[in-house]
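In the text below, chain A, chain B and the rest are named by the order of the sequence lines, each starting its count at 1. Since this is a predicted model, take the numbers as computed values, not measurements.
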Amino acid sequence: MFYDQSQLVDGALGGVGRAVALGGVFVVVVILVLLGNWRAALLVTCTIPVSIALAGLLLKPLGVGLNTLTMGGLAIAVGLLVDAAIIMVENILHRVQHGGDVQDRRNRARAAALEVATPIAFATAIVIVVFLPLSA
Amino acid sequence: MSGIEGRMYQPLAGAVMAAMFASLILAVTVVPVVASGVLRPTHREHEDVPVLRLLKRQAMVPAETQSTVVAEVARVNRTRQAAATKELSRAAKVLLAAGWQVDEVITAGAPLQDLLATVQQLRADLLVVGARGTTGLRHLLVGSVAEGALNRSPVPVLVVR
């Protein structure tokens with residue numbers, strides 16, 4: 001009989017991992033119901049794992065590993081991080097809805113993206129700033 | 001933060017911040033590019049998302065109620081218009097008898113705004129208004145046209161009590 005720490009880590013990470021995944025599923029359901037456009041919903045959904053993967057890349061050089069606490073942080077972030085993508089996708093969808101050729105659609109998507117880029121940056125910056133004292 | 005709570009919350013907050021930053025970068029770079037390629041025009045009449053449309057439909061007034069309200073508003077407007085015409089022609093008679101030339105204008109809208117617009121339109125030299133002398137709460141809420149005219153009229157104002 002010996003003490004195997006990996007079982008403990010597996011258990012802890014597994015629990016939080018499931019919570020993150022479940023949170024992601026709920027987010028997807030809400031997006032599908034509210035956006036009513038499966039392409040847009042799929043695109044927003046794709047940003048969740050990519051964002052989290054990118055976050056992992058950012059955290060690694062800071063010496064923060066993947067543990068129960070960072071997983072908890074990511075679980076919190078799953079709901080927040082879709083906002084930026086939702087606003088962006090919704091605005092672009094709104095603009096390209098009425099057709100036009102590919103070039104026209106591209107131009108309108110560009111205009112829509114520029115339109116909401118600053119508000120998105122502000123909104124996200126505010127969430128980041130709120131968590132700043134907690135991380136110091 | 002320091003101590004045990006710092007050790008607990010630092011990674012959590014760091015993870016949230018990193019994820020938010022990552023989502024921002026994604027949202028302003030990759031997402032618009034992919035969206036412009038992936039999203040197809042739907043040619044939908046409505047610009048709202050389905051859920052909003054449903055809510056709006058629920059909040060809509062039934063057609064019969066709508067037509068009743070429209071008819072009632074029209075009726076009230078007609079009555080008011082007739083009363084105004086009568087009042088105005090009475091005043092016009094007095095002025096005509098005194099040897100003035102009279103143009104009659106009746107508008108439907110916000111009293112002070114329409115009054116000032118008419119003053120500008122006719123290039124009037126003087127604005128004469130009657131003051132009813134409302135006081136208290138009513139005065140506070142509704143204000144008086146005479147007072148507004150005094151404050152905002154571009155031409156001299158004569159207030160008659």
Closest heavy-atom pair, A/Arg105 versus B/Leu39, reported as atoms and distance to 0.1 Å, is NE-O, 4.0 Å
Heavy atoms only: give me the nearest B/Ala13-A/Ser135 pair and the separation to one decimal.
-> CB-CB, 3.7 Å
What distance do A/Ile128 atom CD1 and B/Ser23 atom OG have between them, rounded to the nearest 0.5 Å?
-> 7.5 Å
Linking I/L/V/M/F/W/Y whenever their side-chain heavy atoms sit closer than 4.5 Å, directly or via other members, would B/Met17 and A/Phe122 fall into one cluster?
-> no
Is the CZ atom of A/Arg106 crowded by more than 12 outside heavy atoms at less than 6.0 Å?
-> no
Grab the two heavy atoms, one from B/Ala22 and one from A/Leu54, that are nearest each other, plus how far apart they are.
-> CB-CB, 3.6 Å
Test item: B/Leu26 and A/Val50 side chains (from C-beta on) under 4.5 Å apart, heavy atoms = yes
ILVMFWY cluster, A/Leu80 and A/Ile87 together (side-chain gap under 4.5 Å) = yes
Go through the atoms of A/Leu132 and report whether side chain, backbone, both or neither lie under 4.5 Å from a heavy atom of chain B.
-> both
Is there side-chain contact between A/Ile92 and B/Pro32, with at least one heavy-atom pair below 4.5 Å?
-> yes
How far apart are the closest heavy atoms of B/Val16 and A/Ala77, and which atoms are they?
-> CA-CB, 4.2 Å
Can you check whether B/Phe21 reaches A/Leu58 side chain to side chain, under 4.5 Å on heavy atoms?
-> yes
Flag the pair B/Val31 / A/Val44 as yes when at least one side-chain heavy-atom distance between them is below 4.5 Å, and no otherwise.
-> no
Are B/Leu115 and B/Val155 connected in a single hydrophobic cluster, I mean Ile/Leu/Val/Met/Phe/Trp/Tyr linked by side-chain heavy atoms less than 4.5 Å apart?
-> yes
Nearest atoms (heavy-atom pairs only) where B/Ala27 meets A/Ala84 | CB-CB, 3.5 Å
Counting only heavy atoms not in B/Glu64, do more than 12 fall under 6.0 Å of its CD?
-> no
Looking only at non-hydrogen atoms, find the nearest pair between B/Ala19 and A/Leu74 and report the distance.
-> CB-CD2, 4.0 Å
Does the side-chain contact (heavy atoms from CB on, under 4.5 Å) test come out yes or no for A/Ile76 and B/Leu12, once each step is laid out?
-> CA-CA 9 Å; A/Ile76 293 172; B/Leu12 187 144; 3.9 Å; yes
ILVMFWY cluster, B/Leu126 and B/Leu116 together (side-chain gap under 4.5 Å) | no
Would you check if A/Leu134 and B/Gln10 make a side-chain contact, meaning some heavy-atom pair closer than 4.5 Å?
-> no
Per-residue tally against chain B (heavy atom, under 4.5 Å) across A/Ile48, A/Leu81, A/Val127, A/Val78 peaks at A/Leu81
Answer with yes or no whether the hydrophobic clustering places A/Val33 together with A/Val30; edges join I, L, V, M, F, W, Y residues whose side-chain heavy atoms lie under 4.5 Å apart.
-> yes
If you count heavy-atom pairs under 4.5 Å with chain A, which of B/Val28, B/Val34, B/Val38 comes out on top?
-> B/Val38
Evaluate whether atom CD1 of B/Ile4 has more than 12 neighbouring non-hydrogen atoms of other residues, nucleotides or ligands under 6.0 angstrom away.
-> no
